[in-house]
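Predicted model only: the values in this text are computed from it and were never measured. Each chain gets a letter, A, B and so on, in the order its sequence line appears, and its residues count up from 1.
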Amino acid sequence: MELCSRVSSLCFGRSSSLGGARVVALAVARRAAVRRTDVQVDPPHDALFGMRSRRLATGRGTIAHVECVSSVPVTDADDQADSLQQSPRSAPSSAPRSTAVSAGDLTIVAAAERWVREHGDVLWRFAMARARSKEIAEEIIQETIVAAMLAFDRFSAASSEQTWLLGIASHKIADHFRQLQRTARRGESSTHDGAGIDASDMQDRFDKRGKWANPPQKWDMRGDGAAENAEMSAALRTCVDALPPSLAETVWLRDIVGMPAEDVCKALDLTATNLWTRMHRARSALRACIERTIGMRHEEVSKLKAAQPARSVGPGGQGSP
Amino acid sequence: MISFFRDVLRVLRLPCREQTHLLSRQLDAPLSRGEACGSRIHVLYCRSCRTFRKQIRLLRDLAGSAGRELQSAGELPEDVRRRIVKGIQANRGRDTTQES
């Protein structure tokens, strides 16, 4: 409503006698992407304002860019709008018949281009790290920016733009992985190789009274610390990738990107309690997954060690009795 | 002071399942002094919860270092940037055409 009255005063306050003026408004709706509304303005202007007011009041859209063109034919007005879209910030303010007004000092498109310019690197690293494919990462960023354009009116200054965009990207990535999981489930049913999250990792390890039924085992950190860490990081990566998407996105934002808990809540639209619960489930599953991975590795090492003396007995297996 | 002891006693009565919730929560938000104290006492005598705490902290640290490596993973390539911007404009053009 405020924006509407601002628009009306900007367009008509200055030249209230705009008989037959055209208002070319680029409006961004929540669901319908960028809209252009060509409105023939004839007195009484109230009819127009009423329409715009209703539209804004339903929360459907926000006027992103408004151009008031005095007494120009339809085609000219369209051209004006197009040129406005090409370079929204460079609209000629001193043009004799056209005055560009940008709401919030930026159009949605200009904002989107700025997001790519300013946050593109962060989004790229985030998407690449998760998707591990240039094509998918590009697609995810594209979808993120488009989704952000659609949801622009819901962006609250309480969170930073980067947090907001990372939250959207995170959802897009989660959608991507959900789709992959669905495809994998359809394709093959039981080819689990032991890596990643197992169903048992997500199960509760406590008895009915809440005591440990399956207590955590100490991780045997033998050998070189750096090598152990690298190995464990690789295992962690595999396990995170295999988490349910909703848990994986939370772990990514909170523990890997290192976003403060409040920002994660804003980005993923969670309450603090939801976040704690998700993180607890994710950490428990990851811990169990890594424990199993390490256990499997130690078993392999033990088997190898057990097999070695037999091989070292001599060629042809002629060992002493 | 009363609430402190109330929190300590409440947390001490919790079983290991709830203790692990608190240990995980501690990584995301500060506990009250009483809760933190109760949790610390529990961990002193419960070896399994102690191991759990150590392991989730290690996981958090490993995840953090993976994130720091991520920072040096490179920038958005210029060709990709151009394509994305072009995609935004194309998307806008398509929608405005549909709309009109």
Take a 6.0 Å sphere around [atom1] of [X] and say whether it holds more than 12 heavy atoms from other residues, nucleotides or ligands.
X	atom1	answer
Leu44(B)	CG	yes
Phe5(B)	CZ	no
Arg10(B)	CZ	yes

Checklist entry - Going through the checks in order, is the side-chain contact (heavy atoms from CB on, under 4.5 Å) test met by Trp276(A) and Ser24(B)? => result CA-CA 7 Å; Trp276(A) 299 335; Ser24(B) 174; over 6 Å; no
Checklist entry - Val116(A) and Leu76(B): side-chain contact (heavy atoms from CB on, under 4.5 Å), yes or no, with the steps? => result CA-CA 9 Å; Val116(A) 177; Leu76(B) 178 63; 4.1 Å; yes
Next on the checklist: Among Asp61(B), Leu23(B), Ile56(B), Thr20(B), which residue has the highest count of heavy-atom pairs closer than 4.5 Å to chain A?
Outcome noted: Thr20(B)
Next on the checklist: For the interface with chain A, which of Asp28(B), Leu62(B), Leu14(B) has the highest count of heavy-atom pairs at distances below 4.5 Å?
Outcome noted: Asp28(B)
Rounded to the nearest 0.5 Å, what separation is found between the [atom1] atom of [X] and the [atom2] atom of [Y]?
X	Y	atom1	atom2	result
Leu58(B)	Ile290(A)	CG	CD1	7.5 Å
Trp212(A)	Arg47(B)	CH2	CZ	13.0 Å
Leu275(A)	Arg25(B)	CG	CZ	11.5 Å
Leu286(A)	Leu59(B)	CG	CG	6.0 Å

Next on the checklist: For Asp207(A) versus Arg17(B), what's the shortest heavy-atom pair and its separation?
Outcome noted: O-NH2, 3.2 Å
Next on the checklist: I need the minimum non-hydrogen distance between Pro216(A) and Ser48(B), along with the two atoms involved.
Outcome noted: CG-O, 3.3 Å
Checklist outcome for this item: Honestly, the part of Arg283(A) sitting under 4.5 Å from a heavy atom of chain B is both
Checklist entry - What part of Ala112(A) is in contact with chain B, defined as an atom under 4.5 angstrom from a non-hydrogen atom: side chain, backbone, both or neither? => result both
Item to check | Arg83(B) versus chain A, the contacting section by heavy-atom distance below 4.5 Å | outcome: both
Checklist entry - Can you tell which of Glu291(A), Lys211(A), Met128(A), Met279(A) has the highest number of heavy-atom pairs within less than 4.5 Å of chain B? => result Met279(A)
Next on the checklist: Evaluate Arg287(A) against Phe52(B) for side-chain contact (heavy atoms from CB on, under 4.5 Å), listing each step before the verdict.
Outcome noted: CA-CA 8 Å; Arg287(A) 202 204 58 73; Phe52(B) 179 87; 3.5 Å; yes
Checklist entry - Is Asp121(A) paired with Arg81(B) through a side-chain N to carboxylate O contact shorter than 4.0 Å? => result yes
Checklist entry - Counting N and O atoms only, with roles assigned by atom type, does the side chain of Gln55(B) sit under 3.5 Å from a partner on the main chain of Gln217(A), one being a donor and the other an acceptor? => result yes
